[in-house]
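Step one of this worksheet: look at the structure below.
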Amino acid sequence: MFSPATRKSNYGGARKDQNTTENSNIIVAKRYSLTGNNSPKTPLHDSNVIANRPSTGTPAPWASRLSVLARIPPVKRSDKAEDVDLIQPVYVGEFPQVVRDEQQATIMQKGPPGEMFISGGMDKETSLAWVVCRNRLFIWSYLSPTASRKCVVLDPPSSMFENGDTSRSPLSPSSWLVCVLNWDGLNRNTHKVVKQCYSAGIILCNRRTRSIVYWPEIYSESGIAPVVSYASVEEAEVLFSPGDGKTTPSKQRQRNKQGIGITGFGSFNSLIATPIPGARHVCMALTCGSNGELWQFSCSPSAIERKKIYHNMLGTAYSGCDNSQLVGSKGYPRSLTWHLLHSFDETKRQFLLLTDREIQCFCVKLTPDYNVSMLWSHEIVRTDGDLGIQKDLAGQKRIWPLDLQIDNDGKVITILIAIFCKDRVTSSSYTEYSLLTMQYRSGVNISTEYVKPTCERVLEKKAPIQVIIPKARVEDEEFLFSMRLKTGGKPAGSVIILSGDGTATVSHYWRNSTRLYQFDLPYDAGKVLDASVFPSSDDGEDGAWAVLTEKAGIWAIPERAILLGGVEPPERSLSRKGSSNERSSQEERKNVSFAGNIPPRRASSEVWDAGDRHRAPLTGIARRNAQDEESEALLNQLFNDFLLSGQVEGSLDKLKHSGAFDRDGETNVFARISKSIVDTLAKHWTTTRGIEIVALSIVSTQLMEKQQKHQKFLQFLALSKCHEELCTKQRQSLQIILEHGEKLSGMIQLRELQNMICQTNAIGVGSSFSRSETQISGALWDLIQFVGERARRKTVLLMDRENAEVFYSKVSDIEELFYCLEKQLDCIIGEEMPFTVQFQKACEISNACVHSLQTAMHYKNEHQIWYPSPDGLTPWYCQTVVRSGIWSIASFMLQLVNETFRLDDATKLEFYSHLEVLSEVLLEAYSGAITAKSERNEDQKGLLYEYWKRRDALLDSLHKQVKGFFQAELQDSSGGTEEQNGELLRKLSSRLLLIAKRHEGYQMLWSICCDLNDSELLRNLMHESMGPKGGFSNFVFKQLYDSKQYSKLMRLGEEFQEELAIFLKQHQDLRWLHEVFLNQFSAASETLHVIALSQEDTSISANEETDSRGTTKRTILAERKRFLNLSKIAAMAGRDAAYIIKVKRIEADLNILRLQEEILKLLPDSNEKQKFQNQLLPPVDLIELCLNNQNRVLALRAFDVFAWTSSSFLKSNSSLLEECWRNAANQDDWGRIYQLSVTEGWSDEETLRALQETVLFQASSRCYGPEAKSFDGGFDVLPLRQENMELSYVKDICSSVEAILMQHKDFPDSGKLMLTAIMLGSVHVGAIVDDVPSPVE
């Protein structure tokens, strides 16, 4: 009905001659054939059974009519799936042949002309489609390609078709409800991208008669008999009553003929079911009826128990709430749906029920009593429009909630609403269709384990009401109740609405407006039975919409068709009435005959009444512009001319003028043509022989033809000078073109490998593994199936193709092989398989990966001159998806290594060989990726770490296996000479040595050299593996250093002096030895000086001692003094220009070390003293230790430490020096000294003698006396007297010793004595005894 808009033909009108008509029909037929097997193969024997059927070659009723094909734009259809106009629906596949046969038999039986009583549906979880035709139920997977499609045929008991009201046919299209039970879901290990159901049960329910049939297992070979349950006599009396007394049997039959579902009094409206945890083939089903009933069915292989449960809930469900009724008017409740995806170890499930004015949530316990209780309800039809649909508005007559669906997360609820309105101005009546979306309020816990019955509001509006059609035709209630809602397909947020007369409309809210796309096939193609969603190849994301038709098979609606082909809502109905599909087949055939390029328009559609008004541009979809199309068409023409004539004159200029070189990357026209060459779909591959397709030589032939054509394309680029232009301006495009050749070579290699595997399996020999058809299925074949299935899911145009056909056709997507390998390895090689089978499958997959990639690399080496500069370009086999796929099988093989003891020696060697070459290919891929990142100046730390980690794991495993092989050889042999054993080990390690050398596996190189005890090999590797930081030489030096083999290290360093010098920069404890060896005494002196004063223990670890417990002791002060003395000797030996200053500095540091020893001896015993015992303390710390301990000798030692530091240290620590003078003044009781001098009347001699014993006098003598010793100019930074200080110190109140003393508390009385003491000390000559008593004493 809402067909997508298509562009008009460039031709002004249709041609009238007969040739044009014939050509038009031929074009349509050809266009259709290019999409594969697009029409069923089985024709009717007598097409005249259909009313108004012409006697000419009109297709069978289930075949797609020419009117459908006319909607496909008649542009030239190529074999590229990407080039097909995705605005159109896509034919996916026909019905299984057994269904076709049953349909044909149905048509041949007596009945209304052209009517086929058929009912059908689709199950999203299991991807199963079902059809009820006559008295049989057919079930098949709609994901499987037609050629390999298998159909299960179930025969309900004949009594199912004898019980009921004879006035109503139980074969009416809407008579049946079917529910699929997925027993595979009970197995937690079932995790596959390709969702195939291998174990399922079926519940079949007749809506009108309420008969139930249960098949516990439809895939059982033994054929479990179905279990049947019929309505009781009391139920039957209610079922066949007229309900409202107004519906007559004749009217009801007329409605059934139109295809409207049975919604009479008491008929079932919805059916849901769930497996019971812990019980085999036991389930519980729920149904709701139009008379307000809720039924429960307990199904087991032995019986079905029926129970009407709504009466048991009315008293408790609403107690304390709003006294609502379970249902309102006739026809309700409408819909049942499970609330959340089921966790199969849970014992509770929630389900939602839609009534005439509210949503109700129930909880059912999956226990033997199957207790059902109500949790909450939310009124959606109410006076408050903020909480739902607002009622009692002007013009509203009635509101119908029609269907309800919930998203996969169980958080968003979508309700389809129909509102009957009357315009008060014009008195015209109309119906408004809209969508109401509700969500849980913030903070509401929707988990089954925590939800309890509540009267609080749990839902809120997620978005404003979305109006689908504002003013639609008024329909009767039967039609409204036939409408169903589906959610979950692409584009995200879209829904599909199914009506009882067989139409399907997709509604999508995009860019603040609603857009509609209607899937509406020609009338004699039948109705739309059901819709579902194709499972996406990516986890957690649904695919395109899938539609099951009555006579035309299964179709898909691509996402792009909805986005680009959607139209704004017209003011018209969702039904078939008034659509072009009601026109006669003669009129339709007439339209097709003259239309040519113009698709038939719908005369009644208001969408086109505005003169083909232009749709708003869809900026969200990337579309190629006209220039791109023209450039590609021109390139195609020039290339085809080259294939015919070999001439390329003027091609470059024409292509330049057309803009063919304007784009780079995959959108470049040259890259697109190259991709079309390698991805061409063969027209003649499709076969019904299933797996036999891979045995046909046509596959290899087609691949070879592609390779030859691609090579011709490269020749065209070279001869036309386009190659030079691409190499200069579009390097990435040229890289892609050449990579297509690489991938094509790899695909050919995979094909040959698959042929070889098939031949090997056929003859049963050729490998050391024991093969059994019951245990081993080809691992490569399984992987090909996964890749092909993923490609079919991504491109709905390929759904009717075989998996293997798609895989071998989509050459440019060979990376998908590695993606599926990573995601599906556990499905290809199951843990439950025997370990020998796991080994064989792992080797088969590894061999396929290695051969395909090595062939691609070989192609690149052979065509190296064709390639552009590789700077910054990442080869396809170095991409993350390829590396991850290879690592998945490599890591699996690493796990299998622990089980190799179960295998014989030949099998072990075969397994090792596979793992070895796989490791080499993987490491090469990492190397290429790292190089490209480095050239692009991108961060590569994470990639490098991953590379190193996986490299070391692989090489270590290979090395262990080599050593195991060597030990086994030694045990088996009688014992050869040491030289023979060495040669054997060398031979076993040769390949591993090359891999480790290529990828800088230094640990492995070192281990192999140690195993062989070959110093010459070690030296050769050190010469060959030189890097910017010493390379392998640096690693060898570190190994020797860690093992304390210093003499070997230094001797080896004589041959690698530059590398040793780089290494010793980080190991100065050995560096001075090397410098002495090189007669670089001054440098050795500097190194020794640094070692002696280093605060880092690592720098002198070579001289650390180890106690009996293995713990390392810190270097003692004596060792530091020894290093300083060696530094002094080296400086004197070097005698450079500054050696005298160096010697003085070394002597000063020696004095500070001696002072530290003396200071620590004077400290009282404590934990702090123990901690500092062998620790080098900075001068500041030493001085603070002296100040913190009130000791006369320590007070003087502080000045000694200052004396041996530099002048810069004195200036930067002047405040600390002032604190030392204050501390020195506080060591004596100057008040008492002054009192004694006054009372005793000291003479000058007595005063001098007393002052000499003070700390101030001794400190002044040590700092300023004639015999004072210091390293760098003494204490000029702090003069003694105020008058002696320089101008720069005027502003500093403490810029002299005198100024410091003036702040002393006793200075007013004893100041003269203090100043006398420091002045006498500054001129005193002679020894001063440290341990002298206080003058007071």
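What you see below is based on every heavy atom in this structure, not just the backbone, and it leaves out hydrogens, waters and symmetry mates. Numbers here are sequence positions counted from 1.
- Lys527 and Glu550 are not joined by a salt bridge, as no carboxylate oxygen comes within less than 4.0 angstrom of a charged side-chain nitrogen.
- A donor-acceptor pair is defined here as one N or O able to donate and one able to accept, closer than 3.5 Å; such a pair exists between the side chain of Lys706 and the backbone of Thr680.
- Annotation: cation-pi geometry satisfied between Arg790 and Tyr819 (NZ/CZ under 6.0 angstrom from ring centroid, within 45° of ring axis).
- Put simply, the side chain of Lys810 does not reach to within 4.5 Å of the side chain of Glu816, judged on heavy atoms.
- Using a 4.5 Å heavy-atom threshold, the side chains of Leu204 and Trp215 count as touching.
- Side-chain polar atoms of Trp545 and Ser494 form a donor-acceptor pair below 3.5 angstrom.
- The backbone N or O of Val99 sits nowhere less than 3.5 Å from a side-chain atom of Arg136 that would complete a donor-acceptor pair.
- Look at Glu815 and Lys743 and you find a salt bridge, because one of the NZ, NE, NH1 or NH2 atoms lies within 4.0 Å of a carboxylate O, short of that distance.
- Remark: Glu666 CD is loosely packed, at most 12 non-hydrogen atoms of other residues, nucleotides or ligands lying under 6.0 Å away.
- When side chains are defined from C-beta on, Glu102 counts as touching Phe138, because their heavy atoms get closer than 4.5 Å.
- The minimum heavy-atom distance linking Pro558 with Ala544 is given by the pair CA-CB, 4.4 Å.
- A donor-acceptor contact shorter than 3.5 Å links the side chain of Asp123 to the backbone of Thr126.
- Contact check on Asp403 versus Lys486 returns no salt bridge, with no Lys/Arg side-chain nitrogen under 4.0 Å from an Asp/Glu carboxylate oxygen.
- Shortest non-hydrogen contact noted between Val528 and Phe519 is CG2-CD2, 3.7 Å.
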Please report the C-alpha distance between Phe95 and Trp140 in whole Å, then the side-chain angles of each, then the deciding distance to 0.1 Å, and finally whether the ring pair (Phe, Tyr, Trp, His ring centres under 6.0 Å) criterion is met. CA-CA 9 Å; Phe95 291 121; Trp140 74 96; 5.7 Å; yes
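- Contact check for Ile139 versus Leu154: side-chain heavy atoms found under the 4.5 Å cut-off.
- Between Tyr808 and Glu802 the shortest side-chain heavy-atom distance does not fall below 4.5 Å.
- Inspection of the Glu217 and Ser199 side chains reveals an N or O donor paired with an N or O acceptor under 3.5 Å.
- Side-chain atoms of Ser532 and Tyr142 form a donor-acceptor pair, as typed in the model, at a separation below 3.5 Å.
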One pair to check against side chain to side chain contact (heavy atoms under 4.5 Å, CB included): His740 and Val811. What are the steps and the verdict? CA-CA 8 Å; His740 288 156; Val811 174; over 6 Å; no
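- Under the 3.5 Å distance criterion, with hydrogens and angles disregarded, no donor-acceptor pair is assigned to the side chains of Arg100 and Gln97.
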